[in-house]
Amino acid sequence: NITVMKKLFTLFSAFTFCLSLSAQITITRHDMPDVGDTIRLSNVAILTGFDPSSTGPDYYWDFTTPEPQNQVVEGYVSTQSTPFLYQIIFNTNVANLASPIAGINFLPGFEVTEAYIFYKESNTNYVRAGYAATIAGVPVPMKFDLPELLYTFPLEASSPADSSSSNYSLSFPGIGYFSIDRKRVNVVDGWGTIATPFGNFNTLRVRSTVYEYDSLYIDSIQFGTPINRIYTEYKWIASGHSIPVLTITQEGPLTTAQYIDTVR
């Protein structure tokens with residue numbers, strides 16, 4: 001009868017909805033940022049009570065309890081809107097997207113302005129091409145010799161691991177020396193549903209292990225700071241959200257998190 005049919009229809013709808021929540025997804029270039037995107041993110045400075053290493057197939061992650069300490073807005077612009085010298089180095093063969101960044105001060109005593117991260121997205125991958133900043137009024141593009149590979153497309157639960165090795169060095173005559181040597185190893189190590197304060201998302205989980213050697217030497221004080229770093233990034237990537245809905249970074253005893261959110 002009609003009542004039985006309605007109950008069966010409701011049950012079937014609920015069943016298919018549950019299946020859709022746990023279905024494997026495929027991430028492509030179209031799930032990456034576009035020019036004009038602005039994304040609000042909440043930061044958790046010290047993460048407790050959540051184990052980012054827990055993962056698996058058809059997994060459920062509950063990230064609903066952490067309280068954010070602050071928020072930032074991440075934006076993406078055309079490379080043509082950046083300073084002219086940046087555009088020459090990060091031309092269309094190298095980058096097609098830029099993200100302004102604030103609060104950079106890696107050279108003590110020198111004003112740093114107009115800082116950007118440059119990316120290149122294509123049908124086959126999404127890479128970080130390098131950085132640029134104006135230091136003491138001088139534009140300084142910092143292009144990696146080989147771009148840092150973030151994702152290879154299509155990105156699926158069965159995608160093989162990939163890696164990249166990127167290097168950049170810069171000498172300021174009479175000022176100092178700065179270099180980055182970074183190796184990134186990426187692997188999809190799980191898929192399923194993650195719940196955050198912003199909502200529930202069907203995701204792929206990407207784990208990236210980063211081996212980095214940074215070196216900074218300042219002539220005026222004759223002091224150098226070489227830093228060996230090994231850190232792990234855990235990213236939960238959902239279709240249509242431009243950047244991971246949640247990123248957790250673990251370096252030594254420190255674990256921080258950043259997730260897509262609304263104004264709080």
Side-chain angles (χ1 to χ4, degrees), residues 23-39 41 52-53 55-57 59 61 63 74-79 90 92-99 101 116-131 143-168 180 182-194 196 198 201-212 229-251 256-260:
Q24 293 186 33
I25 61 173
T26 298
I27 299 297
T28 71
R29 172 185 183 173
H30 302 293
D31 299 304
M32 296 297 104
D34 291 318
V35 171
D37 282 355
T38 56
I39 304 159
L41 298 163
S53 65
T55 190
Y59 204 84
W61 297 273
F63 190 81
E74 189 167 293
Y76 293 85
V77 300
S78 165
T79 55
F90 293 100
T92 54
N93 294 322
V94 176
N96 53 17
L97 194 66
S99 179
I101 50 178
Y116 292 86
I117 307 173
F118 286 85
Y119 300 95
K120 176 71 178 289
E121 57 180 12
S122 68
N123 291 330
T124 55
N125 57 38
Y126 183 57
V127 303
R128 183 183 286 123
Y131 307 88
K143 174 182 167 293
F144 284 132
D145 58 344
L146 295 173
E148 182 182 2
L149 180 60
L150 302 178
Y151 312 118
T152 298
F153 303 132
L155 189 64
E156 300 172 313
S158 59
S159 293
D162 57 37
S163 65
S164 62
S165 294
S166 308
N167 176 268
Y168 173 78
I180 302 173
R182 181 182 297 163
K183 179 179 181 179
R184 174 179 290 269
V185 180
N186 307 308
V187 62
V188 179
D189 69 350
W191 61 273
T193 302
I194 186 166
T196 76
F198 188 58
F201 305 93
N202 193 12
T203 63
L204 291 179
R205 215 285 283 276
V206 176
R207 185 185 76 243
S208 300
T209 305
V210 182
Y211 307 87
E212 184 169 325
R229 303 177 61 196
I230 300 176
Y231 55 95
T232 304
E233 294 176 350
Y234 301 94
K235 298 178 180 179
W236 285 260
I237 306 171
S239 299
H241 284 277
S242 301
I243 65 173
V245 294
L246 170 65
T247 299
I248 292 179
T249 303
Q250 197 168 52
E251 184 170 6
T256 60
Q258 188 175 66
Y259 61 92
I260 296 177

Asks: In chain order, what residues pass the ring pair (Phe, Tyr, Trp, His ring centres under 6.0 Å) check against Phe118, with sequence neighbours excluded?
Replies: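 For Phe118 the ring pair (Phe, Tyr, Trp, His ring centres under 6.0 Å) partners, ignoring immediate neighbours, are Phe90.
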
Asks: For Asp189, which residues count as a side-chain hydrogen bond (donor to acceptor under 3.5 Å, both in side chains) partner, sequence neighbours excluded?
Replies: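 Counting only residues at least two positions away or on another chain, Asp189 forms a side-chain hydrogen bond (donor to acceptor under 3.5 Å, both in side chains) with Arg205, Arg207.
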
Asks: What residues, two or more places apart in sequence or in another chain, satisfy side-chain contact (heavy atoms from CB on, under 4.5 Å) together with Ser165?
Replies: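 If we apply the side-chain contact (heavy atoms from CB on, under 4.5 Å) test to Ser165, skipping adjacent residues, the hits are Lys183.
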
Asks: Please answer whether the main-chain N or O of Leu149 pairs with a side-chain N or O of Ser164 as donor and acceptor at a distance below 3.5 Å.
Replies: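 Looks like yes, one N/O pair under 3.5 Å.
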
Asks: Could you please spell out the steps behind the side chain to side chain contact (heavy atoms under 4.5 Å, CB included) verdict for Ile194 and Tyr59?
Replies: CA-CA 8 Å; Ile194 186 166; Tyr59 204 84; over 6 Å; no

Asks: As an exercise, state the distance from CD1 of Ile180 to CG of Asn167, rounded to the nearest 0.5 Å.
Replies: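 Here the rounded value is 9.0 Å.
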
Asks: Any side-chain heavy-atom pair from Ile260 and Ile39 closer than 4.5 angstrom?
Replies: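 With C-beta onward as the side chain, the pair touches.
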
Asks: Give me the atom names and distance for the closest heavy-atom approach of Ser166 to Leu146.
Replies: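 Closest pair (atom of Ser166, atom of Leu146, distance): OG-O, 2.7 Å.
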
Asks: What residues form a ring pair (Phe, Tyr, Trp, His ring centres under 6.0 Å) with Tyr168, not counting sequence neighbours?
Replies: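 For Tyr168, no residue satisfies ring pair (Phe, Tyr, Trp, His ring centres under 6.0 Å) once neighbours in sequence are set aside.
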
Asks: With Thr249, which residues qualify under side-chain contact (heavy atoms from CB on, under 4.5 Å), at least two apart?
Replies: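 Tyr231, Glu233, Thr247, Thr256.
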
Asks: Show the numbers, then the answer: is there a side chain to side chain contact (heavy atoms under 4.5 Å, CB included) between Val210 and Ile230?
Replies: CA-CA 6 Å; Val210 182; Ile230 300 176; over 6 Å; no

Asks: Test side-chain hydrogen bond (donor to acceptor under 3.5 Å, both in side chains) on Asn125 and Thr152 and set out the steps.
Replies: CA-CA 4 Å; Asn125 57 38; Thr152 298; 5.7 Å; no

Asks: Could you tell me which residues satisfy ring pair (Phe, Tyr, Trp, His ring centres under 6.0 Å) with Tyr151, sequence neighbours excluded, listed by chain and number?
Replies: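 Once residues adjacent in sequence are excluded, Tyr151 has no partner under the ring pair (Phe, Tyr, Trp, His ring centres under 6.0 Å) criterion.
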
Asks: Glu74: what forms a salt bridge (Lys or Arg N to Asp or Glu O under 4.0 Å) with it, not counting sequence neighbours?
Replies: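 With sequence neighbours excluded, Glu74 shows a salt bridge (Lys or Arg N to Asp or Glu O under 4.0 Å) to no residue whatsoever.
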
Asks: So, using salt bridge (Lys or Arg N to Asp or Glu O under 4.0 Å) as the criterion, who are the partners of Arg182 when residues are at least two apart?
Replies: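 Arg182: salt bridge (Lys or Arg N to Asp or Glu O under 4.0 Å) contacts with Glu148, Glu212.
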
Asks: Before we go on, tell me: are the rings of Tyr126 and Tyr119 under 6.0 Å apart, centre to centre?
Replies: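 Yes - the distance between ring centres of Tyr126 and Tyr119 falls below the 6.0 Å cut-off.
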
Asks: Check salt bridge (Lys or Arg N to Asp or Glu O under 4.0 Å) between Asp162 and all other residues, then give those that pass, not counting sequence neighbours.
Replies: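 Scan of Asp162 (salt bridge (Lys or Arg N to Asp or Glu O under 4.0 Å), adjacent residues dropped) gives none.
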
Asks: Does any non-hydrogen side-chain atom of Tyr76 lie less than 4.5 Å from one of Val35?
Replies: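 Val35 does not reach Tyr76 side chain to side chain.
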
Asks: State the OH-CZ distance between Tyr259 and Phe198, to the nearest 0.5 angstrom.
Replies: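 CZ of Phe198 is found 10.5 Å from OH of Tyr259.
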
Asks: Using side-chain contact (heavy atoms from CB on, under 4.5 Å) as the criterion, list what pairs up with Thr26, not counting sequence neighbours.
Replies: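 Thr26 satisfies side-chain contact (heavy atoms from CB on, under 4.5 Å) with Thr28, Pro154, Glu156 once adjacent residues are dropped.
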
Asks: Write down the atom of Asn186, the atom of Val206, and the distance for their closest heavy-atom approach.
Replies: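 That closest heavy-atom pairing would be CB-CG1, 4.4 Å.
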
Asks: Return the CE to CD distance between Met32 and Glu121, rounded to the nearest 0.5 Å.
Replies: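 Interatomic distance, Met32 CE to Glu121 CD, rounded to 0.5 Å: 8.0 Å.
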
Asks: Closest approach of Ile248 and Ala257, non-hydrogen atoms and distance?
Replies: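 Distance-wise, the nearest heavy atoms are CG1-CB, 3.9 Å.
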
Asks: Distance from Ile101 atom CD1 to Ile117 atom CD1, nearest 0.5 Å?
Replies: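 These two atoms lie 4.5 Å from each other.
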
Asks: What pairs with Phe144 under ring pair (Phe, Tyr, Trp, His ring centres under 6.0 Å), at least two apart in sequence or on another chain?
Replies: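 Here the qualifying residues are Tyr131.
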
Asks: With a 3.5 Å cut-off and sequence neighbours excluded, list the donor-acceptor pairs that the side chains of residues 237-244 form with protein atoms.
Replies:
unit_1 : atom_1 : unit_2 : atom_2 : d
Ser242 : OG     : Asp37  : OD2    : 3.1

Asks: Tell me the closest heavy-atom pair linking Ser99 and Gly75, and the distance in Å.
Replies: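 The pair with the smallest heavy-atom distance is OG-O, 2.9 Å.
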
Asks: Do Val245 and Lys235 come within less than 4.5 Å of each other through their side chains, counting heavy atoms only?
Replies: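 No, side chains not in contact.
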
Asks: OG1/Thr55 to OH/Tyr234 distance, rounded to the nearest 0.5 angstrom?
Replies: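 Interatomic distance, Thr55 OG1 to Tyr234 OH, rounded to 0.5 Å: 9.5 Å.
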
Asks: Do you know the tightest heavy-atom contact between Leu155 and Leu204?
Replies: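 Looking at all heavy atoms of both residues, the closest pair is O-CD1, 3.2 Å.
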
Asks: Taking all heavy atoms of Phe153 and all of Ile27, pick out the closest pair and write down the distance.
Replies: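 Where Phe153 meets Ile27 most closely, the heavy atoms are CD2-O, 3.6 Å.
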
Asks: Could you measure the distance from the OG1 atom of Thr203 to the CH2 atom of Trp61? Nearest 0.5 Å is fine.
Replies: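 Answer rounded to 0.5 Å: 4.5 Å.
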
